[in-house]
Amino acid sequence: MQNYLIPSEISWLSFNNCILDEAEDLNNAVYDRIKFLAIHSSNLDEFFRVKINKLLKKKTKKSSDLLENVLNEVNLQQNRFGKIWSYSILTELALNDIIYYEYQELLPEHLNEIEYYFKSIILSYIQVVYITLNQPKTYFLNNRSLYFLVKLKDSKGNYNFVYLNIPSDKLDRFKQLQSIENIHYIISIDTIIRKCLSLIFPSDKIISCNAIKLNRDENYLIEDENTGDLIAKIEAKVEERKRGSATRFLYDSNMDADSFSICKKAFKLYKSEMIKGGSHHNFFDLFRFPNPVTPKLQGAYYPNLPHLPFENNKSIFDVINKKNQLLHFPYQSYYYVLQFFNQAGINKNVTEIKITLYRISSQSLIANALISAAKNGKKVTVFVEVKARFDEHNNLYWSKEMKKAGIKIIQSLPNLKVHAKAAMITMKDKYGNKKNYGYLSTGNFNESTANIYSDFGFFTAETAYTNDLKKIFSFLKTKKKTTEPKHILAAGFNMKEKILELIDTEIKNKKAGKSASVFLKVNGLDEKDIIDKLIEASRADVEVTLIVRGICTLLPGIKKISQNIKIYRIVDMFLEHSRIYKFANNGQEKIYLSSADMLSRNLNRRIEVAFPLYDERHIEEINKIIQLQLEDNTKRRIVNIQGSNELENKDNENPRRAQTETYNWIADANRIS
């Protein structure tokens, strides 16, 4: 029997290869293509900080073979990345009078400019460390930071090795130089330092200068979350992460054998951790690559659209009272979510606000609205997940700021992460009766990412939802489960079991000759019980359609196993982040929107929510979005039986692009209304 699973690491790399497709696509504006290179680099960097260490630590043949396959695929993608950057992006920039200095001779005007910038600015941050292996000394490279290893020859003919930092954490990585005859010039601080090395080592001959960078393992395990000060343990682990074990040492492919050996010994590396790279690393800095001709060379601008029911109304709560409201981000403005909390903070009838926060913006308007609400006398309770990876520091900071304002802060449950995105506002009506208003979302309470992540936001005053929200917030406060939610599915309560039941219903309906199908749109799929149930559905001839952006360990189209399963990926200008679960249910379809992926961590080790849609107009909206995504022949990839991606592009005369069509559909609905 053919294996129907693919390793999660290989599946994730397959997804990241889609990012390179977009970077290579000449139909995309060149600065959008640069952005996709930045995304690919950022993703790969995180991959080596989070996912690779378990393979490095395992010594079995299976893990060694997988590690070899992973590193081979990474190497292929890095080579592809380099070709796209050097032979496509830079060529197109040059054709548009933008020159990126890399290996070219600098014009005399620019030599003076960079020398002045180097002496006055860059040198303020340069730290030089001489490597002397015959003396006991610890040489340490900061995680993700950039360095040069420089080989020197002194006046006596002796060779010395030093490493020095490239201060991209302190200065803009790319500097725009003076334009000459309408031609624009950009240079990296890496190249400036290379050009000015003789100013650092005036008495030595520079033999070589090679870019190096170290990734460290940033996973951490708190062995006992049930005793002691959990927050103190998290803070300690975040600090410890800065000194994690090496997972990838990137070095310039031109590095000579002596320099390679010095790096291996000085930084205590294993050969398996040392990976050839280019002369520049950290291409995620391309997010801030200057565009001297803005807005030329950038993609189309899609301003946030209004949600008409919320326009021209003094009170957002009056609108929600009349009808549930469903918003589509980033097509529609996130302003209404901010308005929800801002109005709550100043409304004299609001008595209480409860909210879960997973990833908070560094300049969070929502956190500030909650602080204002507390200062205005509202009772505010905020659950902050301080174990949200890479956002621990930010979340801890806002926890402290909100606590100072009198907000009740609940931080992290032992052995669980709270990934749900939910809020509830309690208000008294004119008779003194309490009325609850709920907000449920597929995305974080983060106004920054709301502009680039596609998500749904749902406002409601219906007790079917708010009564269930009360149960969830009660659990977060007391850590005691009472009765299960009746309408909302909640991981930690009943989500996984209910999803399995819903798929079972489709299997039974199919066997009874009734209409049956399963549609799941998620960011990841690896949960064993869910995969087994989907395979059972496929074997029962239930049509299973999956749109999975990232990791998907299930392989489709395998005879007698997954032959009725189709899997797609969509990679486009906005990050596909929303989750949709849809079940045919013999013509009475059930649709849920959710914060949860079909990953083991989401369904077994987190608190998540999935909320049903009952309003016909909302069901129609979600079905329209599903239809647009399944008809996309421009950005939708078919995942094949090997787990690779195939762009459809069958009908070039009639290109369909789900994200632009979704935007236009919402805009048209506004005009019709």
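Between Tyr453 and His577, the ring planes are tilted. Angles from 30° to 60° get that label. Ring planes of His487 and Tyr614: perpendicular class, angle over 60° (limits at 30 and 60°). The aromatic rings of Phe310 and Phe459 sit perpendicular to each other, their planes meeting at more than 60°, with 30° as the lower class boundary. Using bins of under 30°, 30° to 60° and over 60° for the plane-to-plane angle, the ring pair Tyr592/Tyr581 lands in the tilted bin.
With rounding to the nearest 0.5 Å, the separation of CD1 in Ile425 from CD in Gln343 is 9.5 Å. If you take CG on Asn467 and OG1 on Thr483, they are separated by 9.5 Å, rounding to the nearest 0.5 Å. Here CG of Asn368 is found 9.5 Å from CG of Asn342. Values are rounded to the nearest 0.5 Å. Taking CG from Asn602 and CD1 from Ile607, the interatomic distance works out to 11.5 Å, rounded to the nearest 0.5 Å. If you take CG on Asp429 and CG on Asn349, they are separated by 8.5 Å, rounding to the nearest 0.5 Å. The structure places CG of Leu338 at 8.5 Å from OG of Ser364, a figure rounded to the nearest 0.5 Å.
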Exercise for the section: Report the C-alpha distance between Thr442 and Phe458 in whole Å, list the side-chain angles of each, state the deciding distance to 0.1 Å, and finish with yes or no for side-chain contact (heavy atoms from CB on, under 4.5 Å). Expected result: CA-CA 9 Å; Thr442 64; Phe458 180 71; over 6 Å; no
Practice task
Apply the test ring-ring contact (aromatic ring centres under 6.0 Å, His included) to residues Phe340 and Phe317: give CA-CA distance (whole Å), side-chain angles for both, the deciding distance (0.1 Å), then the verdict.
Solution key: CA-CA 8 Å; Phe340 183 65; Phe317 299 103; 5.5 Å; yes
Exercise for the section: Evaluate side-chain contact (heavy atoms from CB on, under 4.5 Å) for Ile580 paired with Ile626, printing each intermediate quantity in order. Expected result: CA-CA 9 Å; Ile580 305 171; Ile626 293 171; 4.1 Å; yes
Exercise for the section: Test side-chain contact (heavy atoms from CB on, under 4.5 Å) on Arg248 and Glu273 and set out the steps. Expected result: CA-CA 5 Å; Arg248 177 177 67 157; Glu273 297 164 349; over 6 Å; no
Practice task
Start with the C-alpha gap between Thr662 and His328, add the side-chain angles, then the distance that decides, and say whether side-chain contact (heavy atoms from CB on, under 4.5 Å) holds.
Solution key: CA-CA 9 Å; Thr662 299; His328 308 273; 5.7 Å; no
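The 12-atom threshold is exceeded at NZ of Lys471, counting heavy atoms of other residues, nucleotides or ligands nearer than 6.0 Å. Surrounding CD of Gln363 are at most 12 heavy atoms belonging to other residues, nucleotides or ligands under 6.0 Å away. Other residues, nucleotides and ligands contribute over 12 non-hydrogen atoms within 6.0 Å of the CG atom of Asp318. Within 6.0 Å of atom OH in Tyr335, 12 or fewer heavy atoms from other residues, nucleotides or ligands are found, so the atom counts as exposed in its surroundings.
For Lys521, the salt bridge (charged side-chain N to carboxylate O under 4.0 Å, His left out) partners two or more places apart in sequence, or in a different chain, are Glu576. Listed by chain and number, the residues in a salt bridge (charged side-chain N to carboxylate O under 4.0 Å, His left out) with Asp285 are Arg173, Arg288 (sequence neighbours excluded). Checked against side chain to side chain contact (heavy atoms under 4.5 Å, CB included), Arg601 has the following partners two or more places apart in sequence or in another chain: Arg389, Leu599, Arg605, Arg606. Asp526 is linked by a salt bridge (charged side-chain N to carboxylate O under 4.0 Å, His left out) to nothing, counting only residues two or more places apart in sequence or in another chain. With sequence neighbours excluded, the residues forming a side chain to side chain contact (heavy atoms under 4.5 Å, CB included) with Ser42 are Phe284, Phe287, listed by chain and number. A search for side chain to side chain donor-acceptor pair (under 3.5 Å) contacts involving Tyr437 returns Asn321, not counting sequence neighbours. Among residues two or more places apart in sequence or in another chain, the side chain to side chain contact (heavy atoms under 4.5 Å, CB included) test is passed with Glu46 by Arg49, Val50, Phe390. Remark: Lys582 pairs with Glu589 by the salt bridge (charged side-chain N to carboxylate O under 4.0 Å, His left out) rule, at least two apart or across chains. With sequence neighbours excluded, the residues that form a side chain to side chain contact (heavy atoms under 4.5 Å, CB included) with Ser362 are Asn394.
Judged purely by distance below 3.5 Å, without hydrogens or angles, the side chains of Glu385 and Asn395 never pair a donor atom with an acceptor atom. For the 3.5 Å distance criterion, the side chains of Arg549 and Asn523 qualify, holding a donor opposite an acceptor. Side-chain contact, Glu392 with Tyr397: no donor N or O sits under 3.5 Å from an acceptor N or O. Side chains of Ser448 and Ser361: a donor-acceptor N/O pair is present below 3.5 angstrom, by distance only. In the model, Lys421 has a side-chain atom that pairs as donor or acceptor with a side-chain atom of Asn444 under 3.5 Å.
Sequence neighbours left out, the pairs with a member in residues 353-379 that pass ring pair (Phe, Tyr, Trp, His ring centres under 6.0 Å) are Tyr358-His419. For residues 610-625, every residue pair satisfying the salt bridge (charged side-chain N to carboxylate O under 4.0 Å, His left out) rule, not counting sequence neighbours, is listed here: Asp615-Arg617. The salt bridge (charged side-chain N to carboxylate O under 4.0 Å, His left out) contacts involving residues 478-498 comprise Lys496-Glu527, Lys496-Asp529, where partners must be two or more places apart or lie in separate chains.
Aromatic ring centres of Phe473 and Phe383: separated by at least 6.0 Å. Phe456 has its ring centre no less than 6.0 Å from the ring centre of Phe329.
Put simply, the side chain of Thr356 gets close to the backbone of Ala420: a donor and an acceptor are under 3.5 Å apart. Under a 3.5 Å cut-off, the side chain of Tyr439 and the backbone N or O of Thr460 do not form any donor-acceptor pair.
In this structure the side chain of Ile320 never reaches within 4.5 angstrom of the side chain of Asn324, judged on heavy atoms.
The side chain to side chain donor-acceptor pair (under 3.5 Å) with Asp45 is formed by just one residue from the set Lys213, His40, His281; it is Lys213.
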